[in-house]
Amino acid sequence: SEAPTEFVATSCQHENHFLSFRNSVWGVSVDQPIERLVCIQSNLPYQLVIGTLNSARWNTVERFQEYGFVGTDRLESMLRRMARRTRAAKLLAMHHHLLPVAAREVPADGHARPVSVTLDAGHILEEAAAYGIQMVLHGHQHLPAVLKSARVRARSAALEPVGSLTQDVYVLAGGTAGSKELPPGVPNAYGILRFSTKGAKYQVVALDPVAAGQGRVLLEAEIPLVVA
């Protein structure tokens with residue numbers, strides 16, 4: 001049988017750009033790993049727990065380069081750390097897609113960007129639901145969207161009844177605030193994620209440097225939260 005594909009962490013453009021951005025904004029050394037657990041306290045009756053995953057990992061097989069990939073070990077390590085936090089709304093953040101947002105993707109030949117969905121997206125979504133993760137934020141294609149995923153629970157024994165759907169996982173695709181290569185009709189934009197006692201609201205707002213006040217709202221979604 002064919003040997004399992006080996007994935008290795010190497011330096012790549014997306015990873016290096018993010019490390020530089022993180023260093024300039026938050027002062028975090030570029031030598032620190034992308035996988036980090038951030039806990040934010042507020043006046044809400046819960047804390048916000050964010051786990052960041054490095055999906056900019058290259059495969060030793062050339063034809064898979066530039067696809068996103070996280071890997072079981074790194075995913076499970078982060079989810080176990082997040083599970084220890086209680087009274088919390090829990091999010092994951094990564095670069096590549098877990099669900100498609102473009103109407104159609106056509107992989108190009110050579111080294112051009114291929115299909116955007118992370119190679120282990122199904123596993124990430126399944127484990128995220130199992131661990132009570134309610135939102136995953138990502139970028140990559142610069143096309144804002146809100147998608148929802150739920151999977152049927154697997155049965156641990158043949159005589160058990162058919163499983164019910166898992167908890168919903170909302171996948172929030174962000175736009176970009178500084179690109180010159182956007183699809184027609186898609187402006188530069190930024191995202192706002194607001195939390196309250198009732199849930200969360202995600203907005204994507206068009207970036208207009210000369211307009212007074214907030215720009216045009218391109219997308220808005222209410223997201224229910226289950227604090228555990």
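Here the structure is a predicted model, which is why all the values come from computation and not from measurement.
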Distance-minimising heavy-atom pair for [X] and [Y]:
X	Y	result
Thr197	Pro45	CG2-CD, 3.8 Å
His123	Thr72	NE2-OG1, 3.8 Å
Val49	Ala88	CG2-CB, 3.6 Å

List for me each residue that meets side chain to side chain contact (heavy atoms under 4.5 Å, CB included) alongside Ser149, sequence neighbours excluded, and say none if there are none.
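Per chain and number, Ser149 pairs via side chain to side chain contact (heavy atoms under 4.5 Å, CB included) with Leu99, Leu125, Arg151.
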
Residues two or more places apart in sequence or in another chain: which of them pass side chain to side chain contact (heavy atoms under 4.5 Å, CB included) with Arg84?
Arg81

Report the distance from atom [atom1] of [X] to atom [atom2] of [Y], rounding to the nearest 0.5 Å.
X	Y	atom1	atom2	answer
His142	Thr176	NE2	OG1	4.0 Å
His138	Leu53	NE2	CG	13.0 Å
Met82	Cys39	CE	SG	8.5 Å
Ser55	Leu75	OG	CG	11.5 Å
Thr118	His140	OG1	NE2	8.0 Å
Arg74	Asp120	CZ	CG	12.0 Å

Residue list, side-chain hydrogen bond (donor to acceptor under 3.5 Å, both in side chains) with Arg80, at least two apart or on another chain
none

Which residues pass the side-chain hydrogen bond (donor to acceptor under 3.5 Å, both in side chains) test with Gln41, not counting sequence neighbours?
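Partners of Gln41 under the side-chain hydrogen bond (donor to acceptor under 3.5 Å, both in side chains) test: Gln47.
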
Would the distance check show the side chain of His97 and the main-chain N or O of Gly139 forming a donor-acceptor pair, the cut-off being under 3.5 Å?
yes

Is there a donor-acceptor pair closer than 3.5 Å between any side-chain N or O of Asn54 and the backbone N or O of Glu35?
no

Is any side-chain heavy atom of Leu207 closer than 4.5 Å to one of Pro187?
no

Indicate if Leu37 and Met94 have the same hydrophobic cluster label, given that clusters are the connected sets of ILVMFWY residues with side-chain heavy-atom separations under 4.5 angstrom.
yes

What pairs of residues pass the salt bridge (charged side-chain N to carboxylate O under 4.0 Å, His left out) test when at least one of them lies in [range], not counting sequence neighbours?
range	result
residues 184-200	none
residues 127-138	none
residues 138-150	Lys148-Asp168

Using links of under 4.5 Å between side-chain heavy atoms of ILVMFWY residues, direct or through other members, which residues join Ile50 in one cluster?
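Result for Ile50 is Val38, Ile40, Leu44, Tyr46, Leu48, Leu91, Met135, Leu137, Val146, Tyr170, Leu172, Leu193, Phe195, Tyr202, Val204, Leu218, Leu219, Ile223, Leu225, Val227.
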
Side chain to side chain contact (heavy atoms under 4.5 Å, CB included) between Leu79 and Ile133, intermediate numbers included:
CA-CA 9 Å; Leu79 292 176; Ile133 306 300; 3.7 Å; yes

